[in-house]
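Everything on this sheet refers to the single structure shown next.
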Amino acid sequence: MAQITLTLPDGNARQYDAGITAGDVAADISSSLGKKAISATVNGQHYDLRWPIDSDATIDIHTTKDRAPALELVRHDLAHIMARAVQEIWPETQVTIGPVIKDGWYYDFDRAEPFTPDDLATIEARMKQIINARDDVRTEVWDRDRAIQHYKDKGEPYKVELIESIPGDEPLRMYWHGDWQDLCRGPHLQNTGQVPGDSWRLMSIAGAYWRGDSSRAMLQRIYGVAFTNKEDLKSHLTMLEEAAKRDHRRLGREMDLFHMQEEAPGQIFWHPNGWTIYTALQDYMRRKQRADGYVEVNTPQVVNRKLWEDSGHWDNYQDHMFIVEVDEEHAREKTVNALKPMNCPCHVQIFNQGLKSYRDLPLRMAEFGSCNRYEPSGALHGIMRVRGFTQDDAHIFCTDDQIIAETEKFIKLLASVYADLGFDNWTIKLSTRPEKRIGSDESWDRVEAALGDACKAAGYDFELLPGEGAFYGPKLEFTLTDAIGREWQCGTLQVDPNLPDRLDASYVAPDGDKHRPVMLHRAVLGSFERFIGILIESHAGKLPFWLAPQQVVVATIVSDADDYADGIVAALRKAGIRARADTRNEKINYKVREHSVAKVPVILALGAREVEERTVTVRRLGEKQTQVVALDDIIASLVADATPPDLR
RNA sequence: GCCGCAUUAGCUCAGUCGGUAGAGCACAUCAUUCGUAAUGAUGGGGUCGGGGGUUCGAAUCCCUCAUGCGGCACCA
């Protein structure tokens, strides 16, 4: 028997017979480690304790204290335990795949009857029985034909298809939890009892396409979350509750920002409060872009089909466009139009007016462009994914040589906006050439390099997403992290040499010949609608003072203060503060509660004392402490607070 | 678009076996002038998402459409 050398993390090397398992090694090191071991990392690969090791390797034995491998194993074993429970309860159910995901796992089943929420409790109960039974887990390597035959005999075509898609040189592994068998890559725990009984939960049932392909069967997916201890589960569930409290749909109603109704799915009725946020944000972006050398334009909503044919949208994007036909009663000839889903073709029309010189480039053309896209019904989500929205859109017409400088300039603008809005944590992703694309490899080489160089020049690193670019060019995507750690892709910059070509845009170069400009499609916020949703959720409704729809409520304690309150509101409004008086015949407790729930950042309370002393008592949202301030001082300080960050 | 679930007063929700609809908050009126997260009393308010069917009778059962929610797919 050949000898192999296994090197432990502390540098110690041990000699064993080839084919020894990590479990045997653990037991050999110490009997307690042998009992506590759950898996190993062998040459960087997560290894089952039962798998043989055939050659020299580094080895690191894991116990339940090693968080990452322990989570992986617990979640993976739970996927199997759940599948087993489901098949034991409903034997006609077919199992398909069940991977580990962030925070837990899922398993996809094929079963004629839908699972119900009540079924989850039934499945959980059976899973607990399986865990308590402490069934041994065992594994074997099977050859392909045997495995395929096995699943054919069992009438499980999904598994047959899975096996057929696994590359021929990979070993096919079978695992058993007790008598229940599944095809699985592994690794797994030693027995089902190693799964903690109280640190996981089944969460939800959902539909999911087999192999993620919408042309194939719809399976039933059950999601679970799992951790290695009860406390982590609890904090995860608490986090979910917190996220639900911040839901922009809920806060939108509570703060009276907007509503949506079934006559206009995917479109927003902005109420005065919500529209105040919207316009404050738009005014801010307008100032930022103007300062950065953009010109602002505005283009039509309803545009004849011809332009969309020329731009390529008619062929590639028609399913997502609202088509507007004007019938013959109203028009001499029937015309077919579409609501614009994007602004770019219209911007090229403006560029094409008159002759452009290289001296006009780069031309930064911005529009707060209202677009309509017929998004699939299932994609709609509050104000985050809608059918009618406005982008902070702009197209930079420039030469190839200007791409780096313009991209760097844009990144700096975006960085400044995100900083102003309180998002300090954001990243850049560079998506490169996809398989289906136009343009030469040399051109892709050049433009991809330009985007990367621009990031570095602006002082930022980026992550590469190979193959994720648009068919016409690479793009940068800017992803920010919100206050509770969720990521949102907002900003984008796409290089597009295609559209200027299709729509025949040109400029006169120094040599006197006409050349094609390149277009950079870019947005900082993405859409105002979605970005405001993100702002609401990230701040839990407590927006920064300059964006708060109602900045100040002046609340009286006694009616003798009403005139004083009205005077203060008038003074605040004159100073540009969004203030109103609450002189209702209610207790101050009632008023404070109501305005706090509505997330009004500042309440100025007035009783007899304030009237007498020409002061106000200031209560800021989220603070129990109040302070008495002279009237003139509070107005000055509120004006300072209300100044947008770019004007400070 | 697909799978599942939901839709009852302005909001959040209850409504058992199919027998003709209820609570809290909100709103209105009255009383109360009060010092920092809900003062009390009284009152008004519903074609039970739309349409169709079964039934003596439908919020309740069936069909269908719409919208929403959770996923999946989509996001040239």
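Here is how names work: the chains are called A, B, and so on, in the same order as the sequence lines, proteins then strands, and each is numbered from 1.
No donor-acceptor pair under 3.5 Å is formed between the side chain of A:Lys475 and the backbone N or O of A:Val495.
Between A:Tyr317 and A:Arg593, it is A:Arg593 whose nearest contact on RNA chain B lies nearer the 5' terminus. Residue-to-nucleotide proximity on RNA chain B shows that, of A:Ala605 and A:Ser311, the 5′-proximal contact is made by A:Ala605.
Considering only side-chain atoms of A:Leu621, the nucleotide from B:C34, B:A37, B:G70 that sits closest is B:A37. The listed nucleotides are B:A76, B:C72, B:A37; the one nearest the side chain of A:Asn316 is B:A76. Among the nucleotides B:C74, B:A76, B:G35, the one closest to the side chain of A:His320 is B:C74. Residue A:Met342 places its side chain closer to B:A76 than to any other of B:U33, B:A76, B:C34. Across B:G35, B:G70, B:C74, the shortest atom-to-atom separation from the side chain of A:Ile588 is found for B:G35. When distances are taken from the side chain of A:Arg249 to each of B:C34, B:G70, B:U36, the shortest belongs to B:G70. Closest approach to the A:Phe471 side chain among B:A76, B:G71, B:C72 is made by B:A76 (side chain taken as heavy atoms from C-beta onward). When each of B:U39, B:A37, B:C74 is scored by its nearest atom to the side-chain atoms of A:Ala379, the top-ranked nucleotide is B:C74. With B:C74, B:U33, B:C72 as the choices, the nucleotide that has an atom nearest any side-chain atom of A:Ala208 turns out to be B:C72. Listed nucleotides: B:C34, B:C3, B:G35. Nearest to the side chain of A:Met218: B:C3.
By the side-chain contact (heavy atoms from CB on, under 4.5 Å) test, A:Phe471 is found to be paired with A:Ile438, A:Asn498, residues two or more places apart in sequence or in another chain being considered.
Within the structure, every side-chain polar atom (N or O) of A:His381 is placed at least 4.0 Å from both OP1 and OP2 of B:G68. Contact between the side-chain N/O atoms of A:Arg584 and the OP1/OP2 oxygens of B:U33 is not found at any separation under 4.0 Å. Contact between the side-chain N/O atoms of A:Tyr223 and the OP1/OP2 oxygens of B:C72 is found at a separation under 4.0 Å. Listed pair A:Lys591 / B:A37 fails the phosphate criterion, with no side-chain N or O lying under 4.0 Å from OP1 or OP2.
In this model, no donor atom of one side chain and acceptor atom of the other lie less than 3.5 Å apart for A:Asp108 and A:Gln220. Neither side chain, A:Thr583 nor A:Thr556, offers a donor N or O lying under 3.5 Å from an acceptor on the other. No donor-acceptor contact under 3.5 angstrom links the side chains of A:Arg211 and A:Tyr209, judged on distance only. Using a 3.5 Å distance cut-off with no hydrogens or angles, the side chains of A:Asp118 and A:Thr116 do not pair a donor with an acceptor.
For the pair A:Glu586 CD and B:G40 C1', the computed distance is 11 Å after rounding to whole Å. Between the CD atom of A:Glu254 and the P atom of B:A38 there is a distance of 16 Å, given to the nearest Å.
A salt bridge is defined here as a Lys NZ or Arg NE, NH1 or NH2 lying under 4.0 Å from an Asp or Glu carboxylate O, and A:Asp641 with A:Arg620 meets this definition. The pair A:Arg619-A:Glu623 does not meet the salt-bridge criterion, since no charged nitrogen lies less than 4.0 angstrom from a carboxylate oxygen. In summary, A:Glu448 and A:Arg433 engage in a salt bridge, as defined by a charged side-chain N under 4.0 Å from a carboxylate O. Taking a cutoff of 4.0 Å between a charged side-chain nitrogen and a carboxylate oxygen, A:Glu254 and A:Arg249 do not qualify as a salt bridge.
Using atom P as the reference point in both B:A59 and B:G18, the two lie 13 Å apart (nearest Å). A gap of 8 Å separates the P atoms of B:G40 and B:C25, to the nearest Å. A gap of 11 Å separates the P atoms of B:C61 and B:G19, to the nearest Å. When the C1' atom is used for both B:C17 and B:C72, the distance is 38 Å, rounded to whole Å. The same atom, P, is picked in B:U39 and in B:U33; the two are 15 Å apart, to the nearest Å.
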So which protein N/O to nucleotides 59-67 of chain B N/O distances come out below 3.5 Å?
from  : atom 1 : to       : atom 2 : distance (Å)
B:A66 : O2'    : A:Glu262 : OE2    : 3.3

Every protein N/O lying under 3.5 Å from an N/O of nucleotides 24-26 of chain B:
none

Table of protein N/O atoms under 3.5 Å from nucleotides 10-15 of chain B N/O atoms:
from  : atom 1 : to       : atom 2 : distance (Å)
B:C11 : O3'    : A:Arg253 : NE     : 3.3
B:U12 : OP1    : A:Arg253 : NH1    : 3.4
B:U12 : OP1    : A:Arg253 : NH2    : 3.3

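The two residues A:Ala264 and A:Phe269 come nearest to each other via the heavy atoms CB-CE1, 4.2 Å.
Each of A:Phe258, A:Phe389, A:Phe528, A:Phe531 was evaluated against A:Tyr278; a single residue qualifies, A:Phe528, per the ring pair (Phe, Tyr, Trp, His ring centres under 6.0 Å) test. With respect to A:Phe109, the ring pair (Phe, Tyr, Trp, His ring centres under 6.0 Å) criterion is satisfied by exactly one of A:Phe115, A:Trp90, A:Trp210: A:Phe115.
Using cut-offs of 30° and 60° on the angle between ring planes, the pair A:His381 and A:His248 is tilted. Aromatic ring orientation, A:His313 versus A:Tyr317: perpendicular (interplanar angle above 60°, classes split at 30° and 60°).
Its glycosidic angle being within 90° of 0, B:C17 falls on the syn side.
Heavy-atom distances under 4.0 Å link RNA chain B to A:Pro114 of residues 100-121 of chain A, given in residue order.
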Could you list the donor-acceptor pairs under 3.5 angstrom formed by side chains in residues 600-614 of chain A, with sequence neighbours left out?
from     : atom 1 : to       : atom 2 : distance (Å)
A:Glu610 : OE1    : A:Gly607 : N      : 2.7
A:Glu610 : OE2    : A:Thr617 : OG1    : 2.5

